[in-house]
Amino acid sequence: MVRTPTGPPQSRWTVRDDSSSAAAQCSVGHPLVLHQWTQDAAHRTLPTGHCPTGHCPQDTAHRTLPTGHCPQDAAPQDTAPQDAAPQDTAPQDTAHRTLPTGRCPQDAAHRTLPTGHCPQDAAHRTLQTGHLPPTPIAPPQLLRSGPTYLIIQLNTNSIVGDGPVIRREIVYRASHSPWSERHGVNALTYKVWHLEPDTEYRISVLLTRPGEGGTGPPGPPLVSRTKCAEPMRPLRGLTASEIQSRQLVLQWEPLGYNLTRCHTYSLSLCYRYSTATGGGTGGNNATVRECLSVERNTSRFTLRDLPPFRLVHVRLALANPEGKKESREVTFQTEEDSK
C-alpha cells in the first residue's frame, strides 16, 4: 500500500507494508528484524528492541557470532507468516545483535551470550563445540608442616571448566628450583614427603576429565615453607693454628646448610680454664668459663687475654630453633710468658 498525498514536497511520505519480512518470531533461533539489513565488509548489525508480545528473546543484550561461522538456527529469516504482527512492546535499548555476513555453515565455532534484560541464565556464558579442561579456582590449603613434609588439603570444591574430574595430581617444586615433581592423589588430603628443611615450596593441583587433552592447567599455587630441622651433627676439626702465651688462634671445618639444616642458626665458642685465687701452694683454684658468639659463615676465631702456660678447654656449640649440637671439648696449652 502506497499513499502519496498532495501538498508541498517536504510533506510527502510513503508507507510500506513489510509485515511479511518483519514478523518473524523473536527467539534465540529466529531473531526478529524490523530494519533492512545493512551490508558492509565486516558484519551486519540488527537492532533488537522490537519483539512480538510474549516472545522476548533469552538474551536481549547482544549476540556475537564470528564472521562466516554461525549456527544454522541463528541465521535471520527474511520472511514470516502474514498473520504475525510486530508490536513495539519490548523495552527499547541501544543493544544490538552482530551477525556475520555470508551464508552460515553447519559447524559453528561459538557464540557469546551475555546477560541482557530478560535472560534465562544469570551469567555470561560461552558455548563451544569442545569442552574446557578443569582447573581449581583456589590454591591448596596447608594443614600442617614439618622439617621434611607438608600436609595439604587439595581444596578442589570449586573449579573452572568441565567435569567430571576423574584424576587429581599435585605438582610441587622448591621456589628457587626450576625442577618440579608430579604425583597422583587418591584422597582430598596429601602429605608431601622428602622435602628439605627451612625451604619454600610451591604446590599446585592438576585436574583431569575424560577424553584426550582433558588435563587442565595447574591451579593457583600454595606457597609454604618447611620448618627447620635439628643440626645434622656437631662441628668437627677444631684445631689451633697459632698458640701464644696469651692467645689462641682456632679454626674448624666450614659451615654449610647440610650441617645447620636451617638458614637461621648461631655458633658459639665456649672455653674454660683454671686460675689460682690464693697465694702459695695452698691456694684455691677458680674456674673461668665463657661463651663467645662467632660470626656467621666463618670458621676461624682468636681467643685473647688468656693466662700464660695454662690449659684451655674449648668446644663449639651449633644451634638453631629446633635443636643444638656441641662438639667434643679440645684442650690447648698456652705458652710461657717470655717477660
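Please read all numbers here as calculations on a predicted model, not as lab measurements.
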Answer yes or no: is there an ion pair linking [X] with [Y], defined by an N-O contact shorter than 4.0 Å?
| X | Y | result |
| --- | --- | --- |
| Glu196 | Arg261 | no |
| Arg246 | Asp337 | yes |
| Glu253 | Arg236 | no |

Checklist entry - Considering residues, nucleotides and ligands other than Glu295, do more than 12 of their heavy atoms fall under 6.0 Å from its CD? => result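 Atom CD in Glu295 is not packed in, count stays at 12 or less.
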
Next on the checklist: Show me the pairs that pass side chain to side chain donor-acceptor pair (under 3.5 Å) and involve residues 210-229, at least two apart or across chains.
Outcome noted: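 Those involving residues 210-229 are Asp198-Arg225, Thr208-Thr215.
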
Next on the checklist: Once ring pair (Phe, Tyr, Trp, His ring centres under 6.0 Å) is applied, what residue pairs with a partner in residues 225-263 remain, sequence neighbours excluded?
Outcome noted: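 Those involving residues 225-263 are Tyr257-His263.
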
Item to check | With Tyr172 via ring pair (Phe, Tyr, Trp, His ring centres under 6.0 Å) - residues at least two apart | outcome: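 With sequence neighbours excluded, Tyr172 shows a ring pair (Phe, Tyr, Trp, His ring centres under 6.0 Å) to His183, given in chain and number order.
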
Next on the checklist: Go through it in stages, so that I can follow the logic: the residues are Tyr265 and Leu255, the test is side-chain contact (heavy atoms from CB on, under 4.5 Å), and I'd like the CA-CA distance, side-chain angles, deciding distance and then a yes or no.
Outcome noted: CA-CA 11 Å; Tyr265 66 90; Leu255 273 174; 3.6 Å; yes

Linking Ile, Leu, Val, Met, Phe, Trp and Tyr by side-chain heavy atoms under 4.5 Å, what else ends up with [X]?
| X | answer |
| --- | --- |
| Val160 | Ile137 |
| Tyr149 | Leu143, Ile151 |
| Leu188 | none |

Item to check | Test log, rule salt bridge (charged side-chain N to carboxylate O under 4.0 Å, His left out), inputs Arg272 and Glu290 | outcome: CA-CA 7 Å; Arg272 64 181 178 88; Glu290 189 174 3; over 6 Å; no

Checklist entry - What distance separates Thr135 OG1 from Leu206 CG, expressed to the nearest 0.5 Å? => result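 If I round to the nearest 0.5 Å, the distance is 7.5 Å.
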
